[in-house]
Amino acid sequence: MVSSALLIWVSSLLSLICVSLAYDPVDKYLIDCGSSTNKSVGNRVFVPDQFYSNFLSNPHLTFANASSSPISSEYDPSLFQTARIFNETSHYTFPVKKSGRHWIRLYFYPFVSRNYNLSTAKFSVSAQNFTLIKEYQSKINPEVREYSINVTSNRLVLTFSPFANSLAFINALEVFSLPDELIPPGATTIGPQGSYQNLWERALETVERVNMGNQTVLPSNDTLWRLWDADGKYLKQGNAEKFVSDVKAVNFTKGGLTENIAPSSVYGTATILNTEPDPQTNANVTWLFSVDPGFEYLVRFHFCDILPRNSARFYFNVYIGSSAVVQYLDLLNRTSDVGVPYFMDVITTVSGSHMLNVSVGPSNNFQYPNAILNGLEIMKISNSKDSLDALDSINSRSSKTKVILIVGLAAGLFIVAVLALVLFLLCRRRFRHGKAEDQSAMTDGDSTYTAGSKFSNGTLIFSTSRFGFGYRFPFVAIQEATENFSESLVLGIGGFGKVYKGVLRDGTRVAVKRGTSQSQGIAEFQTEIEMLSQFRHRHLVSLIGFCDERNEMIIIYEFMENGTLKDHLYGSKYPSLSWRQRLEICIGAAKGIHYLHTGSAKAIIHRDVKSANILLDENFMAKVADFGLSKTGPEIDQSHVSTAVKGSFGYLDPEYLIRQQLTEKSDVYSFGVVMYEVLSGRPVINPSLPREKVNLVELALKCQRRGQLELIIDPHLEGQIKTESLKKFGDIAEKCLAECGADRPSMGDVLWNLESALQLQGNEVRSSHNNKMTENVNRANSFETSVSNAQVSIGSMGDLAGVSMSKVFAQMVREEMR
């Protein structure tokens, strides 16, 4: 009994000590907006904003109550149940006692109440002279956005500005002063010309705050009420890392740091290089994060050696992208002892990519490879326009481009004016001659196309082949075709913008992709037009035209009746596909990608192969789409193209991600991911599943190597797949996902094996969807018969690559099975 009482007393004393050590800011405003009662959240109390009515420029603003509880959040859900509504520009003005860095946390949950639908809200938010949000984009789940501003006056003004005919809202907010040691006055930039950069006059936005060791740290366990997300979902590869934890090993007394920098629950967990399978392994542990290009980022690395004292010392390299932050980092030399926390700040610039990858890996000079990372914070730095919003970054780049174009055009016009007088007669004669040739070139068989005749209101601007014309459409024609971009006609939303269904005046149905000001930009817009104008293939989506009026970036494609492959696999109302349909779709997509790789002198690498970019026509024939990220392949004497990493999370080739060396085999890796997606009928990354099932590639490869691939098969396919077909399909998918690109097959090999899998499946009765393709197959029979006994090069067949090759491959399959 005495021991128990003593234990309880000691525990109580430790709890009091921990509470006493919690940070107590000089300025502290915790506000539950629109509420009428106090809300206790952990050891903090949020007060209704009606008690701060003197802070509001319009204290009589309305409020709303959620009609249902918000979806689960790491933050207390009670803070998202009410909201303050702004129908006009309004301000919170907070008195400031202590100058210096202050945190602003904004809580948003666009719920639907009796009188308001907050998901339709459009507004901007600013603090002092900084733009925090230029155009609020609603999300389904509750979110908290965190900003840091250096306040030098005796007040902080937070402004909400609704757009015309819209409203603004806020569910809760925090404003409080930060410890002086938390945000540095500046940091060193990485790159060839590293320099020290001052941060005093810049605002910061927290983009990511991650706890390695795959453990979430909730705000209630942090002295500054920060949320630390578990790193598992950001990790790229599944075999290179290992999670470790020993919170008791953390010792703050020797290093001079406090838990205000990061709590012991962060320094006490880590992700390290897993050397158990191979003590001489040489791989990087890599995390991938989504960011806005055009900004600088403050990246903070947290380190702490929590392994036993008899373990090997940590010597390793730290990278951001392909740039080394530090090489041969001797962690014990930096900290003087195990268990001592240490952090490091650097500034990096993200220009063209929407992703930032961070890696730690072994230093080659040491016998035993190892690497460790305990925590990571990524903070966006405000740009020259004092903005943290991606819209301002894009607009700034567009303005610079316009200035360059104007200067260039002025100089060009001057030169043209001087030459025009001299060359007038000659040019006039050649122009007439050239015009006659153009009219001749625009003849396709017995038909001659003039501007606007084939597609209403289109103007012919280029002719790349006998089959390929591209039209520049006026913006008003696109508005008419899409009913002024009606939301009811939206087919989907991607990184570039929304895709609308449209109907031209002549009745032609089209898909209209409209770039937004937040999209990948003019480079991707031009790339997609150039790529699609070069190629015509039955398994590549055809370009009809584009529009670049009024700073718009609009691309018009042929309409694909049955949407995306992703739509038919999961998360939509579409009926499930049969196994034969799925195989034929994979074959069609493989033909399209194979044609890109082999159809011209230099390969075209798609760089964004995924199920959302494989479209299906009315006959369920697959066509590869979205060429905005495509890149011309290496020269004959080169093995790869060195370029910034672009693509979609979950589909990225790990070799490309780590080394930034792009080859055709990067597309092969992505296609292998799609194959497992097709087999399982589930997303590549599903955070709602248990840890071992979150990453489809990890799960599928594990099942494949254990001979248990049937465990991941889509339940809709139960009883449909023959064993031989499944084995052939799984084997080639596994080869596509080899870590080393040189070990992966070519797309031609993938195509051959997919056709083999289809032959092994047999010729059972097809679905009604597939019967629509019978005519195409019959028309191809005469061609197939003529080549069945010859050696056929798939890449040389051009447009004929879309024809079924079943007879050609049947003999090859029989030979293989003997």
Side-chain angles (χ1 to χ4, degrees), residues 444 447 449-461 467-494 496-516 525 528-529 531-533 535-549 552-568 572-575 577 581 585 588-589 592 611-628 768-773 775-776 799 802:
D444 182 12
S447 302
Y449 300 122
T450 56
S453 65
K454 182 174 172 65
F455 299 107
S456 299
N457 295 334
T459 303
L460 181 65
I461 65 159
F467 304 98
F469 298 105
Y471 289 83
R472 175 183 277 122
F473 283 76
F475 183 68
V476 291
I478 307 303
Q479 283 183 304
E480 179 184 327
T482 60
E483 298 177 10
N484 198 21
F485 300 101
S486 170
E487 290 296 311
S488 64
L489 296 177
V490 173
L491 297 173
I493 303 175
F496 186 86
K498 292 182 179 179
V499 180
Y500 300 84
K501 180 179 179 180
V503 181
L504 301 178
R505 285 184 182 177
D506 63 356
T508 303
R509 290 189 302 171
V510 294
V512 177
K513 183 160 72 171
R514 186 187 192 190
T516 66
F525 177 67
E528 182 139 27
I529 294 173
M531 291 297 175
L532 285 173
S533 65
F535 301 108
R536 292 287 173 177
H537 189 276
R538 79 169 61 216
H539 292 292
L540 300 180
V541 169
S542 297
L543 172 71
I544 290 176
F546 71 95
C547 173
D548 58 355
E549 290 181 11
E552 290 279 351
M553 294 184 291
I554 299 174
I555 306 177
I556 303 101
Y557 310 90
E558 61 174 318
F559 180 71
M560 301 294 286
E561 183 74 33
N562 282 303
T564 71
L565 172 59
K566 177 183 176 181
D567 292 335
H568 290 269
S572 76
K573 61 184 178 182
Y574 288 100
L577 299 167
Q581 283 179 298
I585 289 167
S611 59
N613 286 339
I614 297 173
L615 307 186
L616 307 176
D617 71 2
E618 60 183 357
N619 296 319
F620 283 80
M621 185 169 72
K623 299 194 178 190
V624 180
D626 202 341
F627 297 85
S768 59
H769 296 307
N770 289 322
N771 289 334
K772 295 180 182 180
M773 301 174 66
E775 287 186 27
N776 292 337
D799 272 351

remark   = Smallest heavy-atom separation, Pro474 atom then Cys547 atom, equals C-SG, 4.2 Å

inquiry  = If you define the side chain from C-beta out and look only at heavy atoms, does anything of Leu577 sit under 4.5 Å from Phe620?
reply    = yes

query = Between Leu504 and Ala481, what is the shortest heavy-atom contact and its length?
reply = CD2-CB, 4.1 Å

note = From the list Val512, Val490, Leu491, side chain to side chain contact (heavy atoms under 4.5 Å, CB included) partner of Lys498 resolves to Val490

ask   = What's the shortest heavy-atom distance between Arg538 and Lys623, and which atoms?
value = O-CE, 3.1 Å

request  = Return yes if some donor-acceptor pair links the side-chain N/O of Asp506 with the main-chain N/O of Thr508 below 3.5 Å, else return no.
outcome  = yes

inquiry  = Angle between ring planes, Tyr500 versus Phe485, binned at 30° and 60°: parallel, tilted or perpendicular?
reply    = perpendicular

query = Do the non-hydrogen side-chain atoms of Asp617 and Glu561 ever get within less than 4.5 Å of each other?
reply = no

key: Which atom of Ile614 lies closest to which atom of Ala622, heavy atoms considered   = CG2-CB, 3.9 Å

request  = Go through Val541 and Glu558 one step at a time and tell me if the side chain to side chain contact (heavy atoms under 4.5 Å, CB included) criterion holds.
outcome  = CA-CA 7 Å; Val541 169; Glu558 61 174 318; 4.1 Å; yes

query = Are Phe559 and Val503 close enough, and set up right, to give a side chain to side chain contact (heavy atoms under 4.5 Å, CB included), and what steps lead you there?
reply = CA-CA 9 Å; Phe559 180 71; Val503 181; over 6 Å; no

query = Distance from Asn562 atom CG to Glu618 atom CD, nearest 0.5 Å?
reply = 8.5 Å

task = Provide the closest heavy-atom pair for Ala612 versus Thr564 in the form atom of the first, atom of the second, distance.
result = O-CG2, 3.5 Å

remark   = Met621 and His539 have their tightest heavy-atom pair at CG-CE1, 3.5 Å

